[in-house]
Amino acid sequence: MARGPATSLYRIFSSRKNISWDGFSLWNRLFHCIRDQEYSSSPKGLIFVSLDFPIHQRLTSLINLQNIQLASKSKKFRDFNLIHWKPYSTEIVNGGKINENGVCDSTAIESTPIIDSSFGNTNSFKNVAFRDPVQLYQELRNSEKGVKQTPYGSEILHEIFMSFGKSGWASNQALAIYIGRSFFPTAVHKFRSFFFKRCPADVFKYLISIGPCRESERFLFPIFVEFCLEKFPDEIKRFQGIVESADLTKPHTWFPFARAMKRKIIYHCGPTNSGKTYNALQRLMEAKKGVYCSPLRLLAMEVFDKMNAHGVYCSLYTGQEKQSVPFANHIACTVEMVSTEELYDVAVIDEIQMIADLSRGYAWTRALLGLKADEIHLCGDPSVLNIVRKICSETGDELVENHYERFKSLQVEKETLLGDLQNVRSGDCIVAFSRREIFEVKMVIEKFTKHRCCVIYGVLPPETRRQQASLFNDQNNEFDVLVASDAVGMGLNLNIRRVVFYSLEKYNGEKFVPVSATQVKQIAGRAGRRASHYPDGLATTFHLHDFSYLVKCLKQPFDEVKKVGLFPFFEQVELFAGQLPNDTFCQLLDKFGENCRLDGSYFLCQHDHIKKVAKMLEKIQGLSLQDRFNFCFAPVNIRDQKAMLHLLEFASSYSQNHPVSITMKMPKDSAKNDSELLDLEAKHQVLSMYLWLSHYFKEETFPYAQKAAMMATNIAELLGQSLTKANWKPESRKNGGKPKLQENKNGYERPMSLVKVYQK
Ligand SMILES: Nc1ncnc2c1ncn2[C@@H]1O[C@H](COP(=O)(O)OP(=O)(O)OP(=O)(O)O)[C@@H](O)[C@H]1O
Ligand SMILES: [Mg+2]
């Protein structure tokens, strides 16, 4: 028997002992079910109702409207699929077996019938729901005095308005008439006072009969609209200005030149190590003029080197470096830096799945929508294929899909390392998710085995990462094991035989969470590389207990991405700021986030780090909005107080029109311990930030860019030397980072040193 929604109602009713006003959502579902006669696919539609009095009343009106006989009371209903109800009596008809096991427990609801004389004739208010809201509003407006409300009815009406005021649906809809979220509660409050004073009898009865539910929200909303339009024209006008200036809908229309072109988009779709980038680059090198958009500086540098090595002159353009090669028609850049003004024959946007990245996704969206190139090659996994299809249909671009498979499939090695680093082999890449673990693992391997380790992690400058990668790739030295963070997942060409996950949990700034399947796949996929020493890839875990999760992740298909990132340009923020001239930049960002409108395929990228910098810079006077905007995007680790202080100094000096200088003691030797290594890392980050700023502001304001570049290169070299020698106990960063203490069942204890574990 087809039971659909009514059956689920049955289940809900069965699981609740007390259906009172809390049961409005149930009521609401029931209402729709009856109104739309969804149950009628079965001649014996299954509808169980626990009748407390208000529900009973509302059903009465509905039954009259729909000419349905319905319901019952205080029985075990499992044997019946249609139960007829008549006011104040119970009659069960049309019995029949159903297979449900639940019992509708309505016995707990012994309602006290609160009989309100005004409910005598239900037909008198049944038409209220269909009345013209404009007319109804006029009537309310013109009425001197509303119906005398019973305490019971008044209480329900209060609840209806309370629920209306909290309704996400209503506050969302109100945005359409420019009632902002922050003003919505005030508007509802005033509307309530107005309504209570003037509510006529039939409207009152109708609302009481349906209670606080979606239906009452939908009934009240158009009347509320009329009320707001008349009472709050100034607020509406002001908010309209705000909303219109925070409109991020139809982002494809922001690039009219690109829209005027008939672009051809080629999506190279496949897993890691399948030749996507290789093929896109082949096409790029044939073009007269082209651009490669990289997710990382490191990868931009690799492509820059590769193109020039192939005799295709290519310049490099990242936030930190601009290397113009004479006669070059090609550019390798980071995706944030790509120009949407320049015309190209061919563009490559690598790792297109990053378009859904919560923080940086907007840069890929901008490149995809805005690049003025006849041919655009996208390289990435299948997760964003559908949304790219959708975007292309909006932009009118032609989409060609090239699907790839891995050259050799990735094998999972059943034998894990069984928790013992002595099982490490040549060509292994041990992936750990914290800097501390990386150094511990390196130390143990070097102390207790014959292997030597290179290390790669996110904070290291790209030059150092490359130096470590080539040390590892070179077969003619003793460095045959790589210990790396998830930074290894993208960009570097590495000769990895086997990826070993040291753990599959990662600290997200608050707690440990499992590493996502997508990331596991991406990292594991680094194993095995065409035409290398290890063409076949293997993946396994350090601990046996992580193994099943690894297998699960590798088997899992790619999740389909539904939304891609977006962030306003400076000009959009400036327009928005015009509406709120007294707000600080940080407040502007908050309000923009609250009020911006987006199409269904887009989300606003996270900008907490931008807000944190904005907040810090608030105390500096004399910075224009654009200056603030630029400073806020500077690459700074917001958890590193020293780096933040440097940024503050830079901004302060800039605001006073002083040439911004770097005050930093240059280290002479490589690090001898972990704190010296941390110092080198931090110094490099500050120099990198200076270089970044020097490209965004006028040269004379940051006049020491060359010196900073030299210092950065030296530090990167010292970092490389330090890592090669490093065999010390890692320190935790002073500011933020992963917690030092780990929880166990009996309280907290320090994690045991891995070296001690092995010595034991
Ligand atoms: N047709 C080819 N001839 C020679 N080498 C190739 C070819 N295709 C790919 N390779 C090599 O195989 C390796 C992996 O290729 P590529 O980097 O293009 O993979 P990918 O699918 O882009 O992987 P990822 O997801 O890691 O970006 C590279 O070292 C590349 O040079
Ligand atoms: Mg690639």
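These values consider heavy atoms only, across backbone and side chains, with no hydrogens, waters or symmetry-generated copies. Numbers here simply count residues along the sequence, with the first being 1. Both ligands and their constituent atoms are indexed starting at 1 by order of listing.
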Enquirer: Just which atoms of ligand 1 are under 4.0 Å from any heavy atom in Ser274?
Expert: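 Within the 4.0 Å cut-off of Ser274, ligand 1 contributes 19 (O), 20 (P), 21 (O).
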
Enquirer: Begin from the C-alpha positions of Ser688 and Gln320 and carry the test side chain to side chain donor-acceptor pair (under 3.5 Å) through to its verdict.
Expert: CA-CA 6 Å; Ser688 171; Gln320 283 79 355; 3.0 Å; yes

Enquirer: Could you list the atoms of ligand 1 found under 4.0 angstrom from a heavy atom of Pro271?
Expert: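 Result: 21 (O).
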
Enquirer: So Arg529 and Asn495, side chain to side chain donor-acceptor pair (under 3.5 Å) or not? Walk me through it.
Expert: CA-CA 6 Å; Arg529 191 172 144 234; Asn495 289 337; 3.0 Å; yes

Enquirer: For ligand 1, does Asn273 get within less than 4.0 Å through its side chain, its backbone, both, or neither, judged by non-hydrogen atoms?
Expert: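 Both backbone and side chain.
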
Enquirer: Tell me the contacting part of Gln522 for ligand 1: side chain, backbone, both, or neither, using a 4.0 Å heavy-atom threshold, strictly below.
Expert: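 For Gln522, there is no contact with ligand 1 at all, from either part.
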
Enquirer: State plainly whether the residues Asp428 and Arg497 are in salt-bridge range, i.e. N to O under 4.0 Å.
Expert: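 A salt bridge is present here (some side-chain N lies under 4.0 Å from a carboxylate O).
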
Enquirer: Quick one: look at Met490 and ligand 1, take heavy-atom pairs under 4.0 Å, and tell me if it's side chain, backbone, both or neither.
Expert: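 It is neither; nothing of Met490 touches ligand 1.
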
Enquirer: For ligand 1, is there an N or O atom under 3.5 Å from any N or O atom of Thr277?
Expert: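 Yes, Thr277 has an N/O under 3.5 Å of an N/O on ligand 1.
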
Enquirer: When you measure from atom 11 (C) of ligand 1 to every protein heavy atom, which one gives the shortest distance, and what is it?
Expert: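 The closest heavy atom on the protein side is Arg530 CB, 4.2 Å.
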
Enquirer: Does the pair Lys306/Glu302 count as a salt bridge with the N-to-O cut at 4.0 Å?
Expert: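 Salt bridge absent between Lys306 and Glu302.
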
Enquirer: Does any N or O atom in Lys306 lie less than 3.5 angstrom from one in ligand 1, N or O only?
Expert: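 The answer is no, given that Lys306 and ligand 1 share no N or O pair closer than 3.5 Å.
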
Enquirer: Using 2.8 Å as the threshold, say whether any N, O or S atom from Thr277 sits that close to the Mg ion (ligand 2).
Expert: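 True for Thr277.
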
Enquirer: Distance to 0.1 Å, residue and atom name: give those for the protein heavy atom nearest to atom 25 (O) of ligand 1.
Expert: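 Going by distance alone, atom 25 (O) of ligand 1 is nearest to Lys276 NZ, 3.0 Å.
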
Enquirer: Given that the side chain starts at C-beta and the backbone is N, CA, C, O, which of these parts of Glu351 lies under 4.0 Å from ligand 1, counting heavy atoms, or is it both or neither?
Expert: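 Only the side chain of Glu351 comes within reach of ligand 1.
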
Enquirer: Is ligand 1 under 4.0 Å from a heavy atom in the side chain of Cys379, in the backbone, in both, or in neither?
Expert: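 The answer is neither.
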
Enquirer: Pick one of side chain, backbone, both or neither for how Tyr404 approaches ligand 1, counting any non-hydrogen atom pair under 4.0 Å.
Expert: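 Tyr404 to ligand 1: no contact under 4.0 Å from either part.
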
Enquirer: Report the distance from atom NZ of Lys563 to atom CG of Leu358, rounding to the nearest 0.5 Å.
Expert: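 So the gap between those two atoms works out to 12.0 Å.
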
Enquirer: I need the nearest protein heavy-atom contact for atom 26 (O) of ligand 1: residue, atom name and distance, please.
Expert: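 Among all protein heavy atoms, the one nearest atom 26 (O) of ligand 1 is Arg526 NH1, 2.6 Å.
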
Enquirer: Testing the basics here: between Asn273 and Phe407, what is the closest heavy-atom pair and its distance to 0.1 Å?
Expert: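 Nearest heavy atoms, Asn273 then Phe407: O-CD1, 3.3 Å.
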
Enquirer: Can you pull out the closest protein heavy atom to atom 28 (C) of ligand 1? Residue, atom name and distance to 0.1 Å, please.
Expert: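 So the nearest neighbour among protein heavy atoms is Asn493 OD1, 3.9 Å.
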
Enquirer: Salt bridge or not between Glu463 and Arg466? Use side-chain N to carboxylate O under 4.0 Å.
Expert: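 Answer for the salt bridge query: no.
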
Enquirer: Does the pair Asp536/Lys408 count as a salt bridge with the N-to-O cut at 4.0 Å?
Expert: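 Looking at Lys408 together with Asp536, the answer is yes, because their closest N to O distance falls below 4.0 Å.
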
Enquirer: Are any of the N/O atoms on Asp350, whether in the backbone or the side chain, positioned under 3.5 angstrom from an N/O atom of ligand 1?
Expert: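 Asp350 vs ligand 1: no N/O contact under 3.5 Å.
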
Enquirer: In ligand 1, which numbered atoms sit nearer than 4.0 Å to a non-hydrogen atom of Phe407?
Expert: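 Near Phe407, meaning under 4.0 Å from one of its heavy atoms, ligand 1 has 8 (N), 9 (C), 12 (O).
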
Enquirer: For the atom pair CD (Gln323) and OG1 (Thr318), what is the distance rounded to the nearest 0.5 Å?
Expert: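 Going from CD on Gln323 over to OG1 on Thr318, the span is 9.0 Å.
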
Enquirer: Measure the distance from atom 29 (O) of ligand 1 to every protein heavy atom, then report the residue, atom name and distance (to 0.1 Å) of the closest one.
Expert: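 Scanning the protein heavy atoms, the shortest distance from atom 29 (O) of ligand 1 goes to Arg529 NE, 3.0 Å.
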
Enquirer: Considering both backbone and side-chain atoms of Gly275, is one of its nitrogen or oxygen atoms within less than 3.5 Å of a nitrogen or oxygen in ligand 1?
Expert: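 Among all N and O atoms of Gly275, at least one is under 3.5 Å from an N or O of ligand 1.
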
Enquirer: Applying salt bridge (Lys or Arg N to Asp or Glu O under 4.0 Å) between Glu375 and each of Lys264, Lys289, Arg283, report the one that passes.
Expert: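 Result for salt bridge (Lys or Arg N to Asp or Glu O under 4.0 Å) with Glu375: Arg283.
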
Enquirer: Indicate yes or no: does Glu342 engage Lys372 in a salt bridge with an N to O separation below 4.0 Å.
Expert: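 No, no charged N to carboxylate O under 4.0 Å.
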
Enquirer: Can Tyr696 and Phe629 be said to form a ring pair (Phe, Tyr, Trp, His ring centres under 6.0 Å), step by step?
Expert: CA-CA 11 Å; Tyr696 272 86; Phe629 193 80; 9.4 Å; no

Enquirer: Would Asp674 and Arg435 pass as an ion pair if we require N to O under 4.0 Å?
Expert: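 Yes, Asp674 and Arg435 are salt-bridged.
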
Enquirer: Looking only at protein heavy atoms, which one is nearest to atom 2 (C) of ligand 1, and how far off is it?
Expert: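 Protein heavy atom with the smallest distance to atom 2 (C) of ligand 1: Tyr278 CE2, 3.2 Å.
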
Enquirer: Any heavy atom of Gly525 sitting closer than 4.0 Å to ligand 1?
Expert: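 Checking ligand 1 against Gly525, which is what was asked, there is no heavy-atom contact under 4.0 Å.
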
